[in-house]
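Both ligands and their constituent atoms are indexed starting at 1 by order of listing.
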Amino acid sequence: MRIAILGATGLVGTEMIRAIAASALPVTELIPVASSRSAGKEITFRGTPYRVVTPEVALEKKPHLALFSAGGEASRLYAPQFAQIRCKVIDNSSAWRKETDVPLIVPEVNIDQIKPHHHIIANPNCSTIQLVVVLNPLYKRFGFRRVIVSTYQSVSGSGVQGLQQLEEERQGEEAPTRCYPHRIDLNILPHGGDFLPDGTTTEETKLVFETRKILSADDIAISATVARVPVMYGHSESVNIEFNHPADPVLIRETLRQAPGIVIIDDPTNNRYPMPVDVAGRDEVFVGRIRKDASLSHAADLWIVADNLRKGAATNAVQIAVMMHQNGLIPSD
Ligand code: A2P
């Protein structure tokens, strides 16, 4: 299998290459792809060096599968061109997520929605992925009346530039790389993406829309607030759920314990709960602080943390690729 990685020099692209190397995918050639600025750079994969090429050169090599993480503009431009040569594209940008015939996939939830005619498969937003891995088993068992989520997102979610701004500010430099409209170190920005006329942000509307699409539940009431915090890796989420049916913390824990991809860390008396520093480099979604919300009859609060570059991006995309391969959905020569 020839696999192209568009955005191979970026944060998520690098993680994708690492995850593919660790997977059982039978890769005969890796095609690392980036802009012409990076063409010619060397990337080593399973002990073999490969040269970074431009998207145009990658198309000529006719990959069977392409993982994209080079931003929305590159996805809009190149995903149809790769699909045209019968290459399956798993796209990490938001460019295709809203299209009705583009499946938006979290393997633990809805891998069965990928059909043979789908050439572009969308990888959800990092905050959505960790949220739905936990919401899905609870939604199926108890039903939801309303979900309120507040995120605490790390700067690596903004790519290399987010990390650079934080590091420069920490070194006391007047950050020349302005990824955010304000300083991020020693600060919190209640702002992700762009503001919309109704006062919400694009990152907040993504979280709401994508959660409904993945759970196939257009009617769930969801309210989201996205904040950027001065953490390098790992997104955290405070989630309040009002259920249709009674769900106490014991039942919630039991349900989550049986669900795939979840690790429960919930031992408050010993100060044990999920934190970004502990989950960086891990592929699972971590849940803790599971407790009853005493202000409502069927409600609970949870705290969810995951590595945004791993399960929030690269791991999820590679898990989709592995399952597509197992299901015979990736073409061969
Ligand atoms: P390059 O390094 O050549 O700019 P991040 O999100 O971590 O900042 O990474 C973005 C990734 O997307 C990089 O690998 C970057 O390549 C790549 N990229 C950006 N624009 C394009 C484009 N038009 N074509 C191909 N790759 C692109």
Side-chain angles (χ1 to χ4, degrees), residues 2-21 30-45 49-63 65-85 87 89-97 120 122-129 153-168 175-180 184 192-194 202-203 206 228 231-235 280-281 307-318:
R2 291 184 294 278
I3 302 189
I5 308 293
L6 198 104
T9 53
L11 285 183
V12 173
T14 304
E15 281 295 324
M16 284 172 164
I17 293 170
R18 185 206 50 74
I20 294 169
L30 184 86
I31 309 168
V33 193
S35 73
S36 50
R37 291 181 295 272
S38 310
K41 274 189 188 165
E42 208 174 84
I43 289 183
T44 301
F45 173 79
Y50 292 94
R51 295 263 173 218
V52 173
V53 297
T54 61
E56 287 72 19
V57 173
L59 280 162
E60 284 166 16
K61 290 174 173 273
K62 300 218 174 323
L65 171 69
L67 270 52
F68 277 37
S69 192
E73 211 175 303
S75 288
R76 266 185 291 276
L77 179 63
Y78 293 114
Q81 296 183 39
F82 280 72
Q84 184 77 40
I85 57 162
C87 171
V89 176
I90 301 173
D91 179 36
N92 191 47
S93 81
S94 58
W96 301 95
R97 293 178 191 151
I120 302 176
N123 205 44
N125 178 269
C126 37
S127 299
T128 309
I129 293 176
Q153 298 184 201
S154 67
V155 296
S156 58
S158 310
V160 171
Q161 292 217 324
L163 280 172
Q164 267 174 3
Q165 181 173 332
L166 179 64
E167 277 166 10
E168 284 163 8
T177 359
R178 276 249 162 253
C179 183
Y180 306 113
I184 183 67
D194 301 316
T202 48
E203 291 293 303
K206 274 184 207 169
R228 188 75 61 186
V231 166
M232 292 177 85
Y233 302 99
H235 289 358
D307 183 328
N308 52 298
L309 299 179
R310 291 266 187 130
K311 184 56 185 169
T315 300
N316 199 70
V318 173

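To the nearest 0.5 angstrom, L6 atom CG is 13.5 Å from I90 atom CD1.
Looking at residues two or more places apart in sequence or on another chain, you find a side-chain hydrogen bond (donor to acceptor under 3.5 Å, both in side chains) between T315 and D283. T128 is linked by a side-chain hydrogen bond (donor to acceptor under 3.5 Å, both in side chains) to E210, counting only residues two or more places apart in sequence or in another chain.
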Could you give me the CA-CA distance, side-chain angles and deciding distance for K41 and Y50, then say whether side-chain contact (heavy atoms from CB on, under 4.5 Å) is met? CA-CA 8 Å; K41 274 189 188 165; Y50 292 94; over 6 Å; no

K206 and S94: side-chain contact (heavy atoms from CB on, under 4.5 Å), yes or no, with the steps? CA-CA 8 Å; K206 274 184 207 169; S94 58; 3.7 Å; yes

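Within the structure, the salt bridge (charged side-chain N to carboxylate O under 4.0 Å, His left out) test picks out the following pairs touching residues 5-18 (sequence neighbours left out): E15-R18, E15-R310.
Listed by chain and number, residues touching ligand 1 at under 4.0 Å (heavy atoms only) are G7, A8, T9, G10, L11, A34, S35, R37, S38, P55, S69, A70, G159, V160.
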